[in-house]
Amino acid sequence: MSSSPGRRRSLPWRVIGSWALGLAALAACLLLGELLVAVTGLRLPGTVLGLVLAVAGLALAHRRRHPAVRVLRESALTVARPANRHLQLFFLPAAVGITSSVARVAEQLVPLMLALVATFLLVLVVIGHLAQRLLRRPGQGAR
């Protein structure tokens with residue numbers, strides 16, 4: 001039975017369930033991050049800690065062979081992949097915060113620039129070392 005061109009096909013329940021499970025898993029990580037910050041008093045945004053927990057959970061799930069863990073990982077990735085395509089939208093709150101605090105940013109411009117340059121150089125060095133280790137030939141041992 002073919003559908004007419006004007007009719008939309010509905011999403012299969014499996015896709016909807018995968019999205020719901022992925023959203024629930026990522027929301028749980030964000031909530032856990034917020035709770036940990038509230039309980040421990042860490043001077044770190046709860047969403048950042050939640051993101052770290054989500055990435056760590058995905059890294060651990062990648063190594064597991066259990067079917068339930070694989071389903072959870074694939075569901076989280078189903079939600080994360082489209083979000084990565086529009087990653088620039090996640091920077092809007094930071095841009096609004098900076099523009100609303102222009103005077104304070106201007107006061108602290110030198111320390112901010114030093115921190116940005118130092119962070120850039122640190123990331124560059126770490127990525128360079130990581131790339132060298134990953135591109136090393138399999139026949140060569142670790143030095």
Side-chain angles (χ1 to χ4, degrees), residues 2-3 5 7-143:
S2 65
S3 62
R7 292 180 66 189
R8 292 182 118 182
R9 292 176 34 186
S10 63
L11 287 173
W13 286 106
R14 176 175 252 162
V15 173
I16 294 170
S18 179
W19 272 86
L21 181 61
L23 282 172
L26 293 176
C29 288
L30 292 176
L31 179 63
L32 185 59
E34 291 287 348
L35 285 172
L36 285 172
V37 167
V39 169
T40 62
L42 287 172
R43 294 184 46 92
L44 184 71
T47 53
V48 171
L49 186 58
L51 181 64
V52 169
L53 291 172
V55 169
L58 287 173
L60 290 174
H62 183 69
R63 295 183 176 185
R64 303 279 186 222
R65 300 271 187 232
H66 195 275
V69 174
R70 288 177 46 204
V71 167
L72 185 60
R73 178 180 60 107
E74 288 303 316
S75 296
L77 290 175
T78 299
V79 174
R81 285 183 186 118
N84 282 341
R85 283 189 222 124
H86 304 289
L87 200 57
Q88 69 272 13
L89 295 177
F90 293 107
F91 293 104
L92 287 177
V96 169
I98 288 173
T99 56
S100 67
S101 308
V102 172
R104 178 143 177 141
V105 170
E107 290 173 3
Q108 303 294 326
L109 190 60
V110 173
L112 283 172
M113 294 308 284
L114 289 173
L116 283 172
V117 169
T119 304
F120 172 76
L121 292 175
L122 178 67
V123 168
L124 189 65
V125 168
V126 169
I127 289 175
H129 284 294
L130 182 62
Q132 285 179 348
R133 292 189 81 184
L134 290 174
L135 294 175
R136 192 174 287 153
R137 290 185 183 156
Q140 295 177 338
R143 292 182 192 182

Fill in: Residues that L23 engages under side chain to side chain contact (heavy atoms under 4.5 Å, CB included), provided they are two or more places apart
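Per chain and number, L23 pairs via side chain to side chain contact (heavy atoms under 4.5 Å, CB included) with V79.
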
Practice prompt. Kindly write out the residues that satisfy side chain to side chain contact (heavy atoms under 4.5 Å, CB included) with R81, not counting sequence neighbours, or none if the list is empty.
Written response: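 Side chain to side chain contact (heavy atoms under 4.5 Å, CB included) list for R81, sorted by chain: E74, L77.
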
Worksheet item: Is the shortest heavy-atom distance from the side chain of L35 to the side chain of L31 under 4.5 Å?
Response: yes

For [X] versus [Y], what's the shortest heavy-atom pair and its separation?
X   : Y   : answer
L30 : T47 : CD2-O, 3.6 Å
L58 : A76 : CD2-CB, 4.0 Å
S75 : S18 : CB-O, 3.3 Å
G33 : L53 : N-CD1, 4.0 Å
T40 : L36 : OG1-O, 2.5 Å

Contacts table for residues 105-132: side-chain donor-acceptor under 3.5 angstrom, sequence neighbours left out:
residue, atom, partner, partner atom, Å
T119, OG1, A115, O, 2.7

